[in-house]
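A short write-up of the structure that comes next.
Note on naming: letters A, B, ... go to the chains in the order of the sequence lines (proteins, then strands), and numbering restarts at 1 for each one.
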Protein chains: 2
Amino acid sequence: MPSASRKKLTQQMELFNYSCRAAGLKITHQRTLIYRELLQQPDHPTAEALHKRIVREVPSISLDTVYRTLATLEQHGLVNRIQTAESQARFEAVIAPHHHLICSCCKKVLDVEWPEFDHIELPENVRNWGTINSKNAVMYGTCTACAST
Amino acid sequence: MPSASRKKLTQQMELFNYSCRAAGLKITHQRTLIYRELLQQPDHPTAEALHKRIVREVPSISLDTVYRTLATLEQHGLVNRIQTAESQARFEAVIAPHHHLICSCCKKVLDVEWPEFDHIELPENVRNWGTINSKNAVMYGTCTACAST
DNA sequence: TTGACTGCAAACGATTTGCAATTGC
DNA sequence: GCAATTGCAAATCGTTTGCAGTCAA
């Protein structure tokens, strides 16, 4: 790993530790492993995929803990759960607002920024509905890799 | 039911029959019931909710059939599956492009039109990713009903 | 020390599936 | 009549939970 990204990772982990303390969460070995792995994986892994990777380093970690940790971190806004039409949920570390591009074929999820979307006004009738906390765009299609096969 | 909407329903059911035939799907009593119920329910029911309602009319229909039918209709683009962070999937008859407003509290899903969104250009980097078939916006918030309690 | 966290195993709930009977075309 | 579809029951799969031991603070 280039030293620049290693440094960034360290910073993000420090922020994670800080957020945990602020939320009253203990900083356990497992939580650290899970969050670090999530930061390093750009591919929105499922709980199972995450577990498989971490087990290589720490064979004793259990899948339940991965699930439980992700749920806890999600509750505290440190992790996002992405529900697609697939059976399994996917996760990502919360970094910056962005949107998702999902390949209907291989189910891979790609992050995209879309400032034009972030800035447009909400539809009118939303106002009397209540308060919006977040809005998100999801695009479905076929990626070039799948299209070429 | 006012006669106008009854007439509309009949039209939609005729379209359904037509689409089934076009897709090579047999028009069974159960499929008709399920699709009609879905058309009449504006609240994006879950498979179970749908089943509960239909059982009143036809006690012999099984939950499996509801699941199977929804999956079949979804494959043929007659029904949309809406996956939220909830455990259960919700369904809607495909009518016109629209977007979703989800209350984080009561989990109810409301349809909204949002032509401004439909018309904005896709983010740039999407073009080299592949082909987009559809795009959809989801907004999360708290509805006034939940906020007032 | 002490309550939060973990691993284990068992439970859970939504959805799917194999099979024999039934039904639409 | 034949293939598609259904109902039934059992299986599956992702995820959650109870409990006793362990660990961070």
Considering only side-chain heavy atoms of [X], which listed nucleotide, [options], is closest?
| X | options | answer |
| --- | --- | --- |
| B:A89 | D:dA24, C:dG7, C:dT15 | C:dT15 |
| A:L63 | C:dT15, C:dC8, D:dT15 | D:dT15 |
| B:E48 | C:dT6, C:dA14, C:dC5 | C:dA14 |
| B:T28 | D:dT6, D:dT15, C:dT15 | D:dT6 |
| A:K26 | C:dG7, D:dA25, D:dC8 | D:dA25 |

May I have the distance from [X] (atom [atom1]) to [N] (atom [atom2]), rounded to whole angstrom?
| X | N | atom1 | atom2 | value |
| --- | --- | --- | --- | --- |
| B:I27 | C:dG24 | CD1 | P | 11 Å |
| A:E86 | C:dT15 | CD | P | 15 Å |
| B:I61 | D:dT5 | CD1 | C1' | 12 Å |
| B:L33 | D:dT5 | CG | P | 16 Å |
| B:H51 | D:dC8 | NE2 | P | 9 Å |
| B:R68 | C:dG18 | CZ | C1' | 9 Å |

Consider only side-chain N and O atoms of A:H99 and A:D118, and report whether a donor and an acceptor are under 3.5 Å apart.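 Judged by distance alone, the side chains do pair up.
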With a 4.0 Å limit, can you tell me whether A:Y67 has a side-chain N or O closer than that to the phosphate oxygens OP1/OP2 of D:dT16?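 False: A:Y67 side-chain N/O out of range (4.0 Å or more) of D:dT16 OP1/OP2.
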Base C:dG24 paired with B:R31 side chain (donor-acceptor, <3.5 Å):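 Between C:dG24 and B:R31, which were checked side chain against base, a qualifying N/O pair under 3.5 Å is absent.
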Which label fits A:H44 and A:H100: parallel for a plane angle under 30°, tilted from 30 to 60°, or perpendicular past 60°?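 Answer is perpendicular, since the angle exceeds 60°.
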Would you call B:E121-B:R127 a salt bridge at under 4.0 Å N-O?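 Yes.
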Looking at B:R81 and B:E74, does any basic side-chain N land under 4.0 Å from a carboxylate oxygen?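 Salt bridge present between B:R81 and B:E74.
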